[in-house]
Amino acid sequence: MYILGTKQEVTNNLQILRSSNKTVGLVPTMGALHKGHLELVKIAKQYSDIVVVSIFINPTQFNNQEDFEKYPKTLDKDLELLNKAGVDYLFLPETTEIYPSRPILSIDFGHLDKILEGSFRPGHFNGVGIVVSKLLNIVKPHTVYLGQKDLQQVAIIKRLVQDLSFDVNIKIVPTVREEDGVALSSRNLRLDPASRMAARIISKALFFAKSELLGSSPWLSIRKKVNEMFESEPMAQLEYFELVTSDTFYVLEDIGEDKSVSICAAAYFGDVRLIDNVSIFD
Ligand code: AMP
């Protein structure tokens, strides 16, 4: 695996491959890699000739300085995992390479960045939109691989690509979970053992709510039961638990005709914030 630190190095290495008709796949990450990231790499290797992974902890998408400073960093292990996974290039830029100056551009995603993650993490999706635009412009991949784990981010990036006519395909990879149901996340590394145990409540509540919905229970009574589940887990603090349309993120009062709906949740375990989601008809 070649490690590229600058935009120029990326251009020098990838231009020649693109002109020989090789397809390039990009897996953008913030490092502290786990099996979820590796699944993206695996799928990328199936669909793209050349796989580029980026590791960049993007400061502009953190609305909380402490979360940014405490974001897990495991670069040596990441390199080992990526090498083993057969990644061709790692783009590992310094912050100044991506942000020679602080951007004055800001991206307003309308309704999409005003609810759930957008409302609890103001400015987050502006930072995501800017960094993803930069990575797409630098790497110029044919396909970008994204995890369903960050469903609202997927919706945001789909709109970004559509509205700005980025010439890239988007491939979504299903969420990879631990055996006990917890979605893999770099932030899980920050959980102490008791919080890690407690974190099971998110996926438990999501799968419970999904099966109740499929059994035709009304959403309001499901939500009440979910709130009670969280109230009986003192280590967890539920932030939101909502039924939404999967692409447009409109909050629903109940399942209607729409066949593309998901439940999204966020909860704190101490100062660690985790998110997860399930789609209802998959
Ligand atoms: P991150 O490093 O957290 O920014 O994530 C990089 C990419 O990996 C994003 O597209 C995430 O949605 C995806 N990802 C993170 N966790 C998982 C998971 N458990 N399963 C599948 N994809 C994931």
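We count ligands from 1, going down the list as the structure has it; atoms in each ligand are counted the same way. Numbers here simply count residues along the sequence, with the first being 1.
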Nearest protein heavy atom to atom 6 (C) of ligand 1, by residue and atom, and its distance? Pro28 O, 3.2 Å
Between Gln61 and Asn58, is any side-chain donor less than 3.5 angstrom from a side-chain acceptor? yes
Which residue and atom name correspond to the protein heavy atom nearest atom 10 (O) of ligand 1, and how close is it? Gly147 N, 2.9 Å
To check your reading of the model: name the closest protein heavy atom to atom 15 (C) of ligand 1, its residue, and the distance in Å. His34 CE1, 3.9 Å
Salt bridge present between Lys42 and Glu39 (N-O < 4.0 angstrom): yes
Of the side chain and backbone of Phe56, name the one, both, or neither that has a heavy atom under 4.0 Å from an atom of ligand 1. neither
How far is atom 4 (O) of ligand 1 from its nearest protein heavy atom, and which residue and atom is that? Met30 CG, 3.6 Å
Near Thr29 (heavy-atom distance under 4.0 Å), the atoms of ligand 1 are 2 (O), 6 (C)
Between Arg223 and Asp254, does any side-chain N to carboxylate O distance fall below 4.0 Å? no
Tell me the protein heavy atom at minimum distance from atom 12 (O) of ligand 1, and give that distance in Å. Asp150 OD2, 2.6 Å
Presence of salt bridge, Arg121 and Glu239, under 4.0 angstrom: no
Region of Leu40 engaging ligand 1 - heavy atom pairs below 4.0 Å: side chain
For the ring pair Tyr250 and His111, is the centre-to-centre distance below 6.0 Å? yes
Please classify the Pro174 to ligand 1 contact at 4.0 Å (heavy-atom distances, strictly less than): side chain, backbone, both or neither. backbone
Nearest-contact summary for atom 1 (P) of ligand 1 - protein heavy atom, Å: His37 NE2, 3.6 Å
Just need the protein heavy atom nearest to atom 20 (N) of ligand 1, so name the residue and atom and give the distance. Val176 N, 2.9 Å
Indicate, with yes or no, if Leu14 and Met1 share a hydrophobic cluster defined by side-chain heavy-atom contacts under 4.5 Å among Ile, Leu, Val, Met, Phe, Trp and Tyr. no
Option set Lys149, Glu39, Arg177, criterion heavy-atom distance to atom 23 (C) of ligand 1, minimum: Lys149
Leu184 neighbourhood, listing ligand 1 atoms whose heavy-atom distance to it stays under 4.0 Å: 16 (N), 17 (C), 18 (C), 19 (N)
If you have a sec, work out which protein heavy atom is nearest atom 3 (O) of ligand 1 and how many Å separate them, to one decimal? Tyr71 OH, 3.8 Å
ring-ring contact (aromatic ring centres under 6.0 Å, His included) between Tyr89 and Tyr2, worked out: CA-CA 5 Å; Tyr89 294 97; Tyr2 295 98; 5.6 Å; yes
Taking the six-membered ring where the residue is Trp, are the ring centres of Phe56 and Phe91 under 6.0 Å apart? no
Between Asp49 and Arg18, is there a side-chain N and carboxylate O pair less than 4.0 Å apart? no
